[in-house]
Amino acid sequence: WEERFGWRSTGARSDSVGGRTVTTIFYSNGQGRRIGYAIVAGATPLHPSGGTTSWHNGTPYRLVSVNGTSAVMWLRDGHLCVVSGRGVSGATLLRLASWDDHGTVAA
């Protein structure tokens, strides 16, 4: 994300939530904003609900707000993925979440 969007990886952590391993990579941009990109392990994916859904290349991305913080959730390779950040727009999070190595992003 750094080269394409200006979000540089700044750290990582691993936690256990409800018996599932959650790996989170943290990013920051030149304006001092921070986001986290979490991947939840487990054979049976959780199904996010609420918010609004935006589709990109056949994948549904669910945009939600949790206590004033925007988050985008989606399933990738059977894992729940979540990208979120305070003060970061849902549109920005959706562009990051939907970016693929072919250079396409959700509008």
Side-chain angles (χ1 to χ4, degrees):
W1 289 346
E2 183 173 11
E3 195 171 299
R4 169 82 174 173
F5 301 105
W7 290 91
R8 182 176 60 87
S9 176
T10 59
R13 67 185 268 173
S14 185
D15 299 285
S16 180
V17 178
R20 294 173 184 254
T21 300
V22 179
T23 302
T24 306
I25 308 297
F26 297 97
Y27 296 85
S28 64
N29 69 7
Q31 289 76 44
R33 300 277 189 218
R34 288 180 38 110
I35 60 172
Y37 176 9
I39 301 171
V40 182
T44 306
L46 304 172
H47 296 282
S49 61
T52 59
T53 301
S54 177
W55 289 79
H56 179 69
N57 286 340
T59 300
Y61 295 87
R62 188 167 303 274
L63 175 62
V64 298
S65 180
V66 179
N67 297 326
T69 299
S70 295
V72 173
M73 300 181 283
W74 72 102
L75 297 177
R76 178 176 286 157
D77 297 327
H79 300 288
L80 177 65
C81 298
V82 180
V83 63
S84 66
R86 281 192 188 99
V88 179
S89 73
T92 295
L93 296 174
L94 180 59
R95 278 192 302 278
L96 293 169
S98 66
W99 182 78
D100 63 27
D101 54 5
H102 302 294
T104 61
V105 295

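For this chain, numbers begin at 1 and follow the sequence in order.
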Give the intermediate values and the outcome of side chain to side chain contact (heavy atoms under 4.5 Å, CB included) for residues W1 and I35. CA-CA 12 Å; W1 289 346; I35 60 172; 3.6 Å; yes
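In this structure, T10 and S28 approach most closely via the heavy-atom pair CG2-OG, 3.2 Å. Shortest non-hydrogen contact noted between V64 and G51 is CG1-CA, 3.9 Å. In terms of heavy-atom proximity, G85 sits nearest to L93 at N-CD1, 4.1 Å. The shortest heavy-atom contact between G90 and V72 is O-CG2, 4.2 Å. Shortest non-hydrogen contact noted between P60 and T53 is CB-CG2, 3.7 Å.
Contact annotation: the side chain of M73 approaches that of L80 to within less than 4.5 Å [non-hydrogen atoms, C-beta and beyond]. Counting heavy atoms from C-beta outward, L94 and W74 have side chains that stay 4.5 Å or more apart. Side-chain contact check for W55 versus Y61: every heavy-atom pair is 4.5 Å or farther apart. The side-chain heavy atoms of R62 and T52, taken from C-beta on, include no pair separated by under 4.5 Å.
A search for side chain to side chain donor-acceptor pair (under 3.5 Å) contacts involving T92 returns S89, R95, not counting sequence neighbours. Under the rule for a side chain to side chain donor-acceptor pair (under 3.5 Å), the partners of R76 that lie at least two apart in sequence or sit in another chain are Y37. A search for side chain to side chain donor-acceptor pair (under 3.5 Å) contacts involving E3 returns nothing, not counting sequence neighbours. Residues that satisfy the side chain to side chain contact (heavy atoms under 4.5 Å, CB included) test with S14, not counting sequence neighbours, are T21, T23. Here R13 pairs with D15, T24, F26 under the side chain to side chain contact (heavy atoms under 4.5 Å, CB included) rule; sequence neighbours left out. Partners of Y27 by side chain to side chain donor-acceptor pair (under 3.5 Å), not counting sequence neighbours: none found.
Note that SG of C81 is 7.5 Å distant from CG of L75, once rounded to the nearest 0.5 Å. Rounding to the nearest 0.5 Å gives a distance of 10.5 Å between CZ of R34 and CZ of R86.
Between the side chain of H79 and the main chain of I39, no donor-acceptor pair closer than 3.5 Å is present.
Screening residues 63-73 for side chain to side chain donor-acceptor pair (under 3.5 Å), with sequence neighbours left out, gives no hits.
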